[in-house]
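Just so we're on the same page: letters track the sequence lines, and every chain starts at 1.
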There are 2 protein chains.
Amino acid sequence: MAVTIHDVAKLAGVNSSTVSRVINGKATITPDTKERVYAAMRELDYHPNSLARSLASGLSGAIGVVVNARDAEAFSNVFFSRSLFAIEQAAQARGYQVIIANGAQSRGGTIEALMKEHKVDGLILPPTTVKPALMDTIGDFPYVVLGTPDTLRSETCWVDNNNEQGAEMAVRHLQKQGYQCIAYLGGHQKRGFTKRRIRGYQNANSGTETILNTDGTAENAYTLAFDALKTDDHPDAFVCNDNLAAFGLLKACKELHLSVPQEIGIVAFDNYPLAEYMDPPLTIVDIDTAMLGEQSVQLLFRRIENKVGNQQIMLSTNLVVRASSERKAK
Amino acid sequence: MAVTIHDVAKLAGVNSSTVSRVINGKATITPDTKERVYAAMRELDYHPNSLARSLASGLSGAIGVVVNARDAEAFSNVFFSRSLFAIEQAAQARGYQVIIANGAQSRGGTIEALMKEHKVDGLILPPTTVKPALMDTIGDFPYVVLGTPDTLRSETCWVDNNNEQGAEMAVRHLQKQGYQCIAYLGGHQKRGFTKRRIRGYQNANSGTETILNTDGTAENAYTLAFDALKTDDHPDAFVCNDNLAAFGLLKACKELHLSVPQEIGIVAFDNYPLAEYMDPPLTIVDIDTAMLGEQSVQLLFRRIENKVGNQQIMLSTNLVVRASSERKAK
DNA sequence: ATCATCTGTGCAAACGGTTGCACGATGTAA
DNA sequence: TTACATCGTGCAACCGTTTGCACAGATGAT
């Protein structure tokens with residue numbers, strides 16, 4: 001049915017191994033022969049069967065991106081999808097396919113299946129999957145964790161943005177703007193990156209320490225912020241764990257007639273598309289998700305080619321200053 | 001190196017073809033034999049090589065999801081990533097892998113490569129790729145378009161939500177709430193789904209027709225809405241093409257001290273995570289992205305199994321009524 | 001008891017490439 | 001001229017499955 005390498009070989013008057021070598025460019029071939037092969041390929045509209053290729057070469061030509069999302073909302077968070085965009089781009093540039101696999105850990109087997117059934121040559125994993133059991137089965141199969149694992153931090157291979165540094169930067173910025181009493185708002189305490197952001201907050205904070213952890217919703221952030229702001233000695237600035245928290249906070253400020261940034265300063269993590277349209281526009285600790293995605297793929301390829309051992313890459317974050325924290329500005 | 005079907009066969013004392021039949025369950029096998037094979041598989045921790053399997057069976061066991069995103073923002077739009085979540089889920093339930101491929105049309109070849117190199121058994125395509133040239137090369141390869149193609153609408157296979165009906169529903173709802181002069185705000189005119197929403201708006205609208213197309217940004221929506229609302233006989237309600245447009249509109253209303261929903265009613269397409277936290281919470285024409293994704297995969301599988309010809313599936317939308325359009329409520 | 005049918009399993013040929021080895025032709029140095 | 005690399009290509013084994021065909025033994029009908 002489909003045209004194979006043998007058909008091309010016959011038409012070009014050479015052996016199929018020669019065609020293979022022309023395609024892969026690994027051997028020296030007479031320009032004349034090469035031309036005849038190319039011509040035959042063109043004439044027959046030949047496309048090599050990647051499955052046969054993979055079987056023979058032992059390489060699937062794909063990488064797997066594992067996600068751990070319960071629902072569509074978790075899956076569609078900007079952090080993840082922006083990184084995925086960069087991952088796909090970098091992989092495509094190297095001729096690799098990207099396979100996404102959600103909820104891979106739940107059945108306890110999908111990650112293992114992806115590797116052992118030779119569906120992928122390497123994996124990009126979320127930090128939550130990093131557990132001793134998995135690391136045992138993964139052996140020296142190439143993988144990169146996108147984020148900092150809570151455990152086995154120094155023995156695994158990962159790429160992350162520096163959340164601690166980001167929070168420190170946020171606090172220092174607020175301090176420079178003259179805010180005195182800075183609080184931290186939002187995020188589940190149990191999540192690693194929240195913990196690290198809070199640590200950064202604590203490192204840089206010199207005033208009273210106020211940490212208001214939420215369940216992750218804007219609603220909850222609103223409630224907690226409202227209560228905190230009602231008190232007499234309320235905080236005059238907040239570092240928010242994400243845009244949702246900042247959104248709840250803004251609402252609370254509005255209702256209590258506290259002006260932002262005059263009375264309350266706000267810096268939030270994550271640059272949501274809406275952040276700059278908020279009222280006032282939000283100052284943001286921006287995570288370079290594109291760089292994060294790209295670096296993770298590059299590192300993964302180095303691992304696949306066995307050029308390096310486990311490595312850790314920490315990218316720094318950027319502060320995007322907007323009106324919500326610029327006291328002098330207004 | 002890796003354990004193969006032959007190792008299992010040897011240990012179980014049978015032929016490898018028997019092992020294959022046990023795995024695939026297509027033939028009748030003596031319970032006793034079956035048990036021995038399973039035991040051997042367990043003992044050796046055998047995982048069938050999917051590449052060899054695919055080569056022999058001619059099926060890759062993967063579907064490709066093609067996207068057309070220039071940048072990370074376009075890629076991470078909630079519509080797409082929510083659908084992708086559902087697609088992945090439905091595919092996984094059938095034991096299929098999901099491969100994502102971005103910008104596949106640009107090089108003019110990636111879609112073709114995915115099919116002709118046997119990387120996928122079927123494709124989910126964005127409407128923008130549907131052009132006569134592609135349909136020629138795609139032949140009877142299984143595919144489903146996620147959205148309504150602008151061309152070849154009746155000859156292609158697609159799944160979409162009923163944008164026209166959604167807009168009609170929005171207008172009728174606003175009319176019932178007593179709004180008289182309803183405008184349409186947002187969206188590029190050239191995009192198919194925007195056109196269809198506008199058609200729905202026109203179908204149901206009985207007052208003056210006002211269509212304010214934007215470049216897609218909240219900024220632009222703000223500007224256009226501001227100008228429109230400054231006039232004496234300004235609209236008293238808007239159907240917004242997306243949440244961003246609604247966001248710009250809300251800002252304009254606030255600055256002009258027009259209260260929502262008393263003076264201005266708003267309904268917007270797409271249920272962004274922040275929509276219900278806005279002030280006031282937005283009434284939404286909700287698209288069931290999960291259903292959209294699932295239906296497209298189910299249809300694709302029917303095509304792969306050659307059970308059906310090209311089909312079109314149109315899903316209706318739901319109105320989620322919140323404060324932004326409930327005049328009587330407040 | 002005989003013959004036809006059915007069941008479970010083995011054999012071997014695909015599936016469509018890659019690649020180590022061999023070998024003739026050509027080039028280079030003595 | 002001889003001896004020895006080097007280069008380009010063919011041969012054939014191999015990657016790990018699936019599957020059509022064959023066949024022996026069990027089953028059932030007559």
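Rounded to a whole Å, the CG atom of A:N24 is 17 Å from the P atom of C:dG16. We find that CZ of A:R36 is positioned 14 Å from P of D:dG8, with the value rounded to whole Å. As a whole-Å value, the separation of A:H6 NE2 from D:dC11 C1' is 13 Å. Per the geometry, CG belonging to A:D32 stands 19 Å off P belonging to D:dC7, to the nearest Å. Distance CG (B:L44) to P (D:dG16): 14 Å, rounded to an integer number of Å. For the pair B:M41 CE and D:dT17 P, the computed distance is 11 Å after rounding to whole Å. Between the NZ atom of A:K26 and the P atom of D:dT9 there is a distance of 18 Å, given to the nearest Å. In this entry the distance linking CD1 of B:I5 with C1' of D:dG16 reads 8 Å, nearest Å.
When the C1' atoms of four end pairs are superposed on the next four at each end of the helix from C:dA1-D:dT30 to C:dA30-D:dT1, using five pairs per end, the two resulting axes differ in direction by 30°, to 10°.
Residues A:H6 and A:S16 have side chains in contact (heavy-atom distance under 4.5 Å, counting atoms from C-beta outward). When side chains are defined from C-beta on, B:D160 counts as touching B:R196, because their heavy atoms get closer than 4.5 Å. Between B:L134 and B:Y143 the shortest side-chain heavy-atom distance does not fall below 4.5 Å.
Checking side-chain atoms of A:T33 against main-chain N and O of A:I29 turns up no donor-acceptor pair under 3.5 Å. B:N162 places no side-chain N or O within 3.5 Å of a backbone atom of B:M314 that could act as its donor or acceptor partner. Looking at A:R153, its side chain does come within 3.5 Å of a backbone N or O of A:P149 through a donor-acceptor pair. Proximity of a side-chain donor or acceptor of B:Q92 to a complementary backbone N or O of A:N102 within less than 3.5 Å is detected. In this structure a side-chain-to-backbone donor-acceptor pair under 3.5 Å is present from A:R303 to A:V308.
Using a cutoff of 4.0 Å between basic side-chain nitrogens and carboxylate oxygens, A:R42 and A:E35 are scored as salt-bridged.
Of the residues in residues 51-64 of chain A, those placing a heavy atom less than 4.0 Å from an atom of DNA chain D are A:L55, A:A56, in numerical order.
Between A:N49 and the phosphate of C:dC15, there is no side-chain N or O to OP1/OP2 separation shorter than 4.0 Å. A close approach under 4.0 Å does occur between a side-chain nitrogen or oxygen of B:S20 and OP1 or OP2 of D:dT18.
The only member of B:I23, B:D7, B:V37 that meets side-chain contact (heavy atoms from CB on, under 4.5 Å) when paired with B:Y46 is B:I23.
No side-chain N or O of B:T30 forms a donor-acceptor pair with one of B:D32 less than 3.5 Å apart.
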Original post:
What string of B, S and - do you get for nucleotides 7-13 of chain C, 5' to 3', if B is base contact, S is sugar-phosphate-only contact and - is no contact with any protein heavy atom under 4.0 Å?
Top reply: -SBBB--

